Amino acid sequence: DNSGSVLGFTYYNGTSATDYTYIKNMQLSKEEILQLGEEQELPLFQIYEAYCREMRNQSLMDYDDQMVYAWRMLRSYPEILAYFQKQYQYFCVDEAQDTSKIQHTIIGLLASRDRNLFMVGDEDQSIYGFRGARPEFFAEMKKSFPELKDSEPGGSASIFMSKNFRSESPVIDFVNEVFDKLFDLTRDSIGYRDGDRLVCGKNEHRREPFPMIHILPKVTGDHTGEP
């Protein structure tokens with residue numbers, strides 16, 4: 001049976017909520033959704049339209065709609081954008097490599113006035129590709145914000161943290177070898193340069209961990225007032 005509830009996680013031959021999430025996070029156009037449907041051999045655009053229509057009819061929003069409507073309001077109503085730009089002058093984005101296209105668009109709008117943007121991420125890792133997260137968006141943000149361009153050693157615009165304090169040298173060496181091959185083949189836009197290689201910093205300032213065992217004094221009736 002190829003049919004199911006339009007608000008369910010599956011609707012037609014395996015189509016799931018992940019497809020809707022991907023479409024919204026990547027801000028796909030009608031043509032791009034149709035092409036994606038052809039690749040999956042599904043009437044994806046018709047299914048997606050039915051899903052969105054039913055959501056509106058029931059006055060419902062899914063998680064990704066929060067970003068879709070936020071983006072629409074910020075783009076369509078300058079007074080709303082100005083209000084939040086005045087309210088928040090500084091923006092910090094953690095795990096930036098796992099953010100999607102629509103998230104970067106919203107970040108760009110909010111930070112476009114004061115341009116006080118601090119981003120932390122690793123272009124060489126990403127685990128949320130299923131919902132449209134792309135490390136390339138993190139790298140491309142430097143084009144919109146030249147202030148984030150790579151700086152000279154000791155500069156403050158872009159800081160690369162290459163020292164890894166979690167793992168021993170054999171693990172770091174193995175990771176570097178894997179990344180050398182993986183990113184050279186799959187992501188030329190980012191690549192894996194010599195300067196990106198990890199360095200084991202674990203033993204440089206090695207010290208014994210602080211003891212986490214605390215010996216508590218014996219509590220008697222004399223201390224608490226209880227028998």
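Quantities reported herein were computed from a predicted structural model and do not represent experimental measurements. Index from 1, following the sequence.
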Evaluate the side-chain proximity of Ile172 to Val199: yes if any heavy-atom separation is below 4.5 Å, no if none is.
no
When you compare the side chain of Leu110 with that of Phe91, does any pair of heavy atoms fall below 4.5 Å?
yes
Short side-chain donor-acceptor distance under 3.5 Å, Gln40 and Glu38
no
Do you know the tightest heavy-atom contact between Gly37 and Leu44?
CA-CB, 3.7 Å
Can you tell me if Glu54 uses its side chain to pair, donor with acceptor, with the backbone of Tyr51 under 3.5 Å?
no
List the atom pairs, donor and acceptor, that lie under 3.5 Å between side-chain atoms in residues 69-81 and the rest of the protein, sequence neighbours left out.
| from | atom 1 | to | atom 2 | distance (Å) |
| --- | --- | --- | --- | --- |
| Ser76 | OG | Arg72 | O | 2.8 |

Who pairs with Arg53 by side chain to side chain donor-acceptor pair (under 3.5 Å), at least two apart in sequence or on another chain?
none
Scan residues 84-94 for pairs that pass side-chain hydrogen bond (donor to acceptor under 3.5 Å, both in side chains), counting only residues two or more places apart or in two chains.
Gln85-Ser112
Restricting to pairs with a member in residues 111-121, which pass salt bridge (Lys or Arg N to Asp or Glu O under 4.0 Å), not counting sequence neighbours?
Arg115-Glu147
Straight-line distance of Ser167 OG to Asp173 CG, nearest 0.5 Å
11.0 Å
Examine distances only and state if a side-chain atom of Asn176 and a backbone atom of Leu198 form a donor-acceptor pair shorter than 3.5 Å.
yes
Take Leu34 and Lys30 through the test side-chain contact (heavy atoms from CB on, under 4.5 Å) and record every step on the way to the result.
CA-CA 6 Å; Leu34 288 170; Lys30 177 182 178 180; 4.1 Å; yes
Non-neighbouring partners of Gln66 that pass side chain to side chain donor-acceptor pair (under 3.5 Å), sequence neighbours left out:
none
Atom pair CZ/OG of Phe174 and Ser169 - distance to nearest 0.5 Å:
15.0 Å
Those residues that, when tested against Leu28, pass side chain to side chain contact (heavy atoms under 4.5 Å, CB included) (two or more places apart):
Tyr22, Ile23, Met26, Glu32, Ile33, Leu36
Hey, does Glu49 have a side-chain heavy atom less than 4.5 Å from the side chain of Cys52?
no
Nearest atoms (heavy-atom pairs only) where His104 meets Ala96:
NE2-O, 3.7 Å
Mind checking side chain to side chain donor-acceptor pair (under 3.5 Å) for Asp65 and listing every partner two or more places apart, or none if nothing turns up?
Lys24
Kindly indicate whether the side chain of Ile102, heavy atoms from C-beta on, has any atom under 4.5 Å from the side chain of Val68.
yes
Could you state whether Tyr20 and Met61 fall into the same hydrophobic cluster, counting links through intermediate Ile, Leu, Val, Met, Phe, Trp or Tyr residues with side-chain heavy atoms under 4.5 angstrom apart?
no
Distance in Å, Met67 CE paired with Gln27 CD, rounded so as to fall on 0.5 Å steps:
9.5 Å
Using a 4.5 Å cut-off on heavy atoms from C-beta on, say whether the side chain of Met55 contacts that of Asp62.
yes
